[in-house]
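Taking it in order: structure first as structure tokens, then the write-up.
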Amino acid sequence: MMSLPRSEFPLLAASPRLVYLDSAATTQKPRVVLDAIRDFYENDNANPHRGAYELSVRATRRYHDARARVAAFLGVRDSDCLIFTRGTTESLNLVASSWGRANVGAGDEIVVTAAEHHANFVPWQQLALERTARLRICELEADGSIDLDRLRTLLGSRTRVVAFPYVSNVLGTIAPVREIVDLAHGVGAIAVCDGAQAAPHLSVCVDDLGVDFFAASGHKMLGPTGIGVLVGRRYLLDAMPPFMTGGDMIEFVEDDHSTWNRLPHKFEAGTPNAAGAVGLAAAADLLQRIGMDAVRTHERGLVNAAYQRLAAIEGVRIYGPAPEHRSGVLSFNVGDVHPHDLATILDSYHVCIRAGHHCAQPLMRRLGVSATARASFYVYNDDADVDALVNGVMAAREMFSRVGA
Ligand code: PLP
């Protein structure tokens, strides 16, 4: 595919010089998504599920329709098993808190990888501390990949959970999901997949992956902030206690106890983010129209070009696997230039990259750095953006070598 025209993205259209290379943090929003949100508020806004009047029925219908479209995009046949949350962080906390507290006890083991975003690390660490369970960390190979033999050695009869990122937000490494799921199921553990960096960039069919839980964020896939998904297996969700309690998630509230609504409502306490869901569905539709294979091919071209050209600059160190084994994420350092300084200099060239630990401090420790620079590509980026990145990095290197001289 060609890149999507910048004119489809009001923020990019309004800033023709801006080179946005921070889509792994959040993506820019296309007009179709903004229009869908506005259309919901202008034409169908009411509190879903609450009213008997026609307008509320319309709002409810749009919310349900959004769920069905997002489920179709993610390859989830039973859309009742797709719960709308605020995002990946909330989804993973929901699993660790609700499933975890009910199923993990003293002496049990939880396996995570060293590539985890804090959102799929800290909830499990805290659960382990609370339950006096053991958190085991699967170390990575030199290129950042997850080695299945190494993972196998960590699994046993006490393993309850294997949590892993489908795609690393730092290294872009793509995990062998089905093999990890088989290993987890082989010891009777559940497989929890952080799909935040996968759903926007790869063709994902959650049902086919075999994972027990899958989490993703709308804002990283052209959708609005404040909306994301948790997909879970029905028998697990049915058996789990609610995460939050309140309106909408109950069946009956007696004075001394309550019973719970059916899925997905049991896990959606309070007024739902219906406009967010409508916006996310519009984003999913757009990605589906483009085709996720085309999205992947486009990103591969960009990341490959950026990788080759940055690697050729003296002093540049790129972390993670070869470009063909990664999604559209490139973490790097330039000599001993601090990534924050690098990002500031690139900003003066209107190039937006991320600098920091990327919410992955355990991984940073293993890389032996406190921070990296990170460029990430998406559907609106093109070759000119790669040129701007490379030119900016060369200018920064030049600047610092003069200062150092
Ligand atoms: N997991 C990964 C791999 C991520 O990249 C991110 C966001 O950076 C998250 C989880 C958390 O997502 P959110 O902040 O949308 O909850």
Side-chain angles (χ1 to χ4, degrees), residues 1 4 8-11 23 26-50 55-91 94 195-207 209 213-232 237 248 263-265 267-268 270-295 378-380:
M1 82 179 227
L4 285 193
E8 295 298 319
F9 295 82
L11 185 146
S23 295
T26 199
T27 57
Q28 296 304 332
K29 313 306 172 200
R31 208 174 291 282
V32 283
V33 167
L34 302 174
D35 287 349
I37 295 168
R38 172 173 281 274
D39 176 64
F40 174 79
Y41 280 128
E42 286 186 349
N43 295 305
D44 295 323
N45 181 51
N47 200 323
H49 308 138
R50 302 280 165 94
L55 182 60
S56 169
V57 173
R58 276 210 312 271
T60 306
R61 204 177 296 135
R62 288 201 68 175
Y63 184 54
H64 284 201
D65 170 65
R67 191 189 312 277
R69 283 153 60 200
V70 176
F73 174 74
L74 290 174
V76 177
R77 272 177 291 275
D78 185 353
S79 64
D80 288 350
C81 294
L82 185 146
I83 291 143
F84 281 124
T85 62
R86 281 192 301 134
T88 306
T89 302
E90 184 176 307
S91 298
L94 192 165
Q197 298 292 345
H201 304 285
L202 306 177
S203 174
V204 172
C205 178
V206 177
D207 284 352
L209 291 175
F213 292 102
F214 179 92
S217 295
H219 69 96
K220 293 184 194 289
M221 46 183 284
L222 305 178
T225 47
I227 188 85
V229 300
L230 173 68
V231 179
L237 292 170
D248 243 20
L263 294 175
H265 312 295
F267 291 104
E268 292 184 358
T271 300
N273 181 0
V278 165
L280 175 53
D285 289 350
L286 175 59
L287 289 171
Q288 202 143 28
R289 277 200 299 281
I290 302 168
M292 291 310 290
D293 290 338
V295 170
Y378 208 28
V379 289
Y380 32 70

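Taken from CD1 in I37 to CG in N45, the straight-line distance is 12.5 Å, to the nearest 0.5 Å. The distance from atom CG of L4 to atom CD of Q28, rounded to the nearest 0.5 Å, is 13.0 Å. Residue I83 holds its CD1 atom at 6.0 Å from CG of L263, rounded to the nearest 0.5 Å. Separating the CG atom in D65 from the CG atom in D44 is a distance of 10.5 Å, to the nearest 0.5 Å. One finds the NE2 atom of H201 at 7.0 Å from the OG atom of S23 (value rounded to the nearest 0.5 Å). Rounded to the nearest 0.5 angstrom, L94 CG and L237 CG are separated by 8.5 Å.
When all heavy atoms of A196 and T88 are compared, the pair lying nearest together is CB-OG1, 3.4 Å. Across all non-hydrogen atoms, the minimal contact from G195 to A216 is O-CB, 4.1 Å. Listed here is the closest heavy atom pair of A274 and F40: CB-CZ, 3.6 Å.
Side chain of T85 to main chain of E90: no donor-acceptor pair is present (N/O by atom type, distance under 3.5 Å, no hydrogens or angles). Side-chain atoms of E8 never come within 3.5 Å of backbone atoms of R31 as a donor-acceptor pair (strictly under, hydrogens ignored). Between the S79 side chain and the A68 main chain, no donor and acceptor come within less than 3.5 Å of each other. Of the possible polar contacts, one joining the S91 side chain to the V229 backbone as a donor-acceptor pair under 3.5 Å is found. Panel note: side chain D248, backbone T271; no donor-acceptor pair is recorded below 3.5 Å. The closest donor-acceptor contact from the side chain of R38 to the backbone of V33 lies at 3.5 Å or more, if one exists at all. Between the side chain of Y378 and the main chain of V295, no donor-acceptor pair closer than 3.5 Å is present. A donor-acceptor contact shorter than 3.5 Å is absent between the side chain of T225 and the backbone of H219. Side chain of S56 to backbone of A46: no donor-acceptor contact under 3.5 angstrom is found.
Within a 6.0 Å sphere centred on CZ of R86, heavy atoms belonging to other residues, nucleotides or ligands number 12 at most.
In this structure, F267 and L230 have side chains that are not in contact, with every pair of non-hydrogen atoms separated by 4.5 Å or more. Residues L82 and P264 are not in side-chain contact: their nearest non-hydrogen atoms beyond the backbone lie 4.5 Å or more apart. Inter-residue side-chain proximity for L74 and C205 is flagged as unmet; no heavy-atom pair is nearer than 4.5 Å. In this structure, M292 and L287 have side chains that are in contact, with non-hydrogen atoms separated by less than 4.5 Å. No side-chain heavy atom of V231 sits under 4.5 Å from any side-chain heavy atom of F213. Contact of the F84 side chain with the I227 side chain is registered, since non-hydrogen atoms from C-beta on lie closer than 4.5 Å. Between F9 and L222, the closest side-chain pair of non-hydrogen atoms falls below 4.5 Å.
Of the N and O atoms on the side chains of T27 and Y380, not one donor lies less than 3.5 Å from an acceptor on the other residue.
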For this session: List the steps, then state whether salt bridge (Lys or Arg N to Asp or Glu O under 4.0 Å) holds for D35 with K29.
Result: CA-CA 10 Å; D35 287 349; K29 313 306 172 200; over 6 Å; no

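Looking at D39 and R62, a side-chain N of the basic residue comes within less than 4.0 Å of a carboxylate O on the acidic one, giving a salt bridge.
Listed by first and then second residue, the side chain to side chain donor-acceptor pair (under 3.5 Å) pairs that reach into residues 275-292 are R69-D285, sequence neighbours excluded.
Between Y63 and H49, the ring planes are perpendicular. Angles over 60° get that label, and only those under 30° would be called parallel.
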